Amino acid sequence: MRVLVIGGGAREHALCHALSRDPQVTALHCAPGNAGIAELAETHEVDAVDGEAVAALARRLDAGLVVVGPEAPLVAGVADAVRAAGIPCFGPSADAARLEGSKAFAKEVMAAAGVPTARAYVCTTPEEAAEALDAFGPPYVVKDDGLAAGKGVVVTEDLAHAREHAAACERVVIEEYLDGPEVSLFAVTDGETVVPLQPAQDFKRAHDGDLGPNTGGMGAYSPLPWADPKLTDEVVATVVQPTIDELRRQGTPFAGLLYAGLALTSRGMRVVEFNARFGDPETQAVLARLRTPLAGLLHAAAVGALADAPPLRWSEDAAVTVVVAAQGYPERPRTGDVIEGLADVAATDAPDAYVLHAGTRREADGRVVSAGGRVLSVTATGPTLAAARERAYRAVGRVRLDGSHHRTDIAATAAEAQSAAADTVETA
Ligand code: AMP
Ligand code: GLY
């Protein structure tokens with residue numbers, strides 16, 4: 001199978017990493033890619049949100065499968081254009097991708113499907129916003145209705161800040177605050193059959209201890225040793241399958257990756273958000289453990305054949321991903337800084353730990369420089385979360401990027417809980 005991946009972040013690097021190990025994949029292409037992806041796939045220049053351009057590239061490459069990574073091309077209808085060209089595409093139509101593209105639409109679908117989520121008001125004027133903020137009280141949750149790369153959400157105790165963010169958005173969703181740990185569950189679907197991946201946890205805030213502004217995600221790990229083993233089945237039954245069924249009923253079937261962002265609150269599980277694509281950085285941790293060849297799975301989803309797909313196989317290992325971000329991320333990331341130490345990681349830490357590039361570019365002189373806010377992520381596997389963490393941070397320590405920052409507490413609490421549970425078993 002000849003595969004073309006659209007996108008150029010660490011998620012797409014992780015997808016290419018997994019696809020490159022699938023014996024069914026005879027040629028791997030990526031557009032636009034990045035400096036790391038270029039070592040695994042042939043990269044191509046393309047305007048990723050231009051459906052006709054992507055379809056033309058896929059035709060020229062004789063692709064048998066196109067995998068669309070990021071949300072912007074999906075919302076722009078790139079998957080529709082590829083399918084219209086007769087090429088199997090993993091990724092929902094523009095209509096179905098509104099589940100991520102509009103928070104208000106997602107709320108409507110959840111209401112129709114009976115899916116538990118935070119109570120919310122959609123507001124278009126400062127007066128409406130003020131009323132909604134008063135109705136819920138602090139902490140305030142204010143979300144830009146449209147796509148904002150994970151940065152359109154403000155959660156704050158400060159009413160003035162909440163009002164300011166609401167005023168800066170054209171249409172805003174103001175909702176009830178959800179307490180409790182968050183879980184990301186990805187499900188591969190062909191619009192009818194749902195195949196869940198293993199759950200992961202993401203770290204959204206910029207700094208240790210969940211402080212600082214919201215980001216696209218600063219790290220992730222999987223599996224979740226603290227979670228109820230029945231969690232995945234419960235999420236499929238109460239969230240994913242009803243949502244997929246409702247979208248099909250509305251005439252906008254969703255084929256691709258449905259990402260359910262969940263809060264396990266004191267009053268039960270609630271959906272925080274849906275995304276219409278693999279999450280970044282959770283994908284790096286989840287795919288590090290998937291043993292089933294990826295191309296066959298995604299192709300089955302693209303052609304409506306998931307009901308016949310064999311059950312997924314997983315490694316027993318844990319995986320941890322740590323994002324290295326540019327100076328100033330998320331507010332004003334600085335780009336153009338040289339990244340050093342990548343060869344050291346490849347020589348010393350592989351295959352247990354490896355770098356997945358996000359915002360990177362190779363200069364004509366061969367140096368790799370930063371080209372985005374989240375510059376790269378390091379993913380490591382190990383028999384326990386503690387072992388995976390240690391390997392990930394050892395590799396992060398070899399990467400040199402002036403002014404960069406990363407969180408030092410990714411998976412720390414879960415690793416401690418896992419070790420404590422193992423100690424209890426040993427002494428019992
Ligand atoms: P979203 O883009 O909707 O995923 O929001 C980004 C992040 O903001 C989430 O991962 C949560 O950490 C936080 N958040 C969003 N909605 C809520 C809510 N209703 N209550 C508490 N935190 C929230
Ligand atoms: N990790 C959060 C996201 O992909 O939106």
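Computed from a predicted structure; not experimentally measured. When a ligand or atom number is given, it counts from 1 through the structure's own listing order.
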Any atoms of ligand 1 less than 4.0 Å from a non-hydrogen atom of [X]? List them with their elements.
| X | result |
| --- | --- |
| V141 | 16 (N), 17 (C), 18 (C), 19 (N), 20 (N) |
| E182 | 9 (C), 10 (O), 11 (C), 12 (O) |
| E175 | 16 (N), 17 (C), 18 (C), 19 (N) |
| Y177 | 20 (N), 21 (C) |
| K143 | 3 (O), 15 (C), 16 (N) |

Exercise. Centroid-to-centroid, H17 to Y354, below 6.0 Å?
Worked result: yes
Would you kindly specify which portion of [X] sits under 4.0 Å from ligand 1, judged on non-hydrogen atoms: side chain, backbone, both or neither?
| X | value |
| --- | --- |
| V153 | side chain |
| N214 | side chain |
| E176 | backbone |

For the pair [X] and [Y], find out whether any cationic side-chain nitrogen is under 4.0 Å from an anionic carboxylate oxygen.
| X | Y | answer |
| --- | --- | --- |
| R163 | E127 | no |
| R334 | D337 | yes |
| D317 | R289 | no |
| R362 | E39 | yes |
| R119 | E175 | no |
| D245 | R248 | yes |

Exercise. Under 4.0 angstrom from ligand 2, any heavy atom of G279?
Worked result: yes
Problem set entry | Under 4.0 Å to a heavy atom of P281 - the qualifying atoms of ligand 2, by number | 1 (N)
Problem set entry | Numbered atoms and elements of ligand 2 in range of K204, under 4.0 angstrom, heavy atoms | 2 (C)
For this session: Is it possible for you to check whether R98 lies under 6.0 Å from the centre of the six-membered ring of F105, through NZ or CZ, and within 45° of that ring's axis?
Result: yes
Exercise. Less than 3.5 Å between some nitrogen or oxygen of F278 and one of ligand 2, yes or no?
Worked result: no
Problem set entry | Distance-only N or O hit between ligand 1 and L178, under 3.5 Å | yes
Exercise. So, the side chain of T252 versus the backbone of D95: is there a donor-acceptor pair under 3.5 Å, distance only?
Worked result: no
Exercise. Is there a heavy atom of K103 sitting under 4.0 angstrom from any atom of ligand 1?
Worked result: yes
Exercise. Would V378 and V345 count as a side chain to side chain contact (heavy atoms under 4.5 Å, CB included) if you check the C-alpha gap in whole Å, the side-chain angles of each, and the deciding distance to 0.1 Å?
Worked result: CA-CA 9 Å; V378 171; V345 176; 5.6 Å; no
Exercise. So which of E282, R277, E100 gets nearest to atom 4 (O) of ligand 2, if we judge by its closest heavy atom?
Worked result: R277
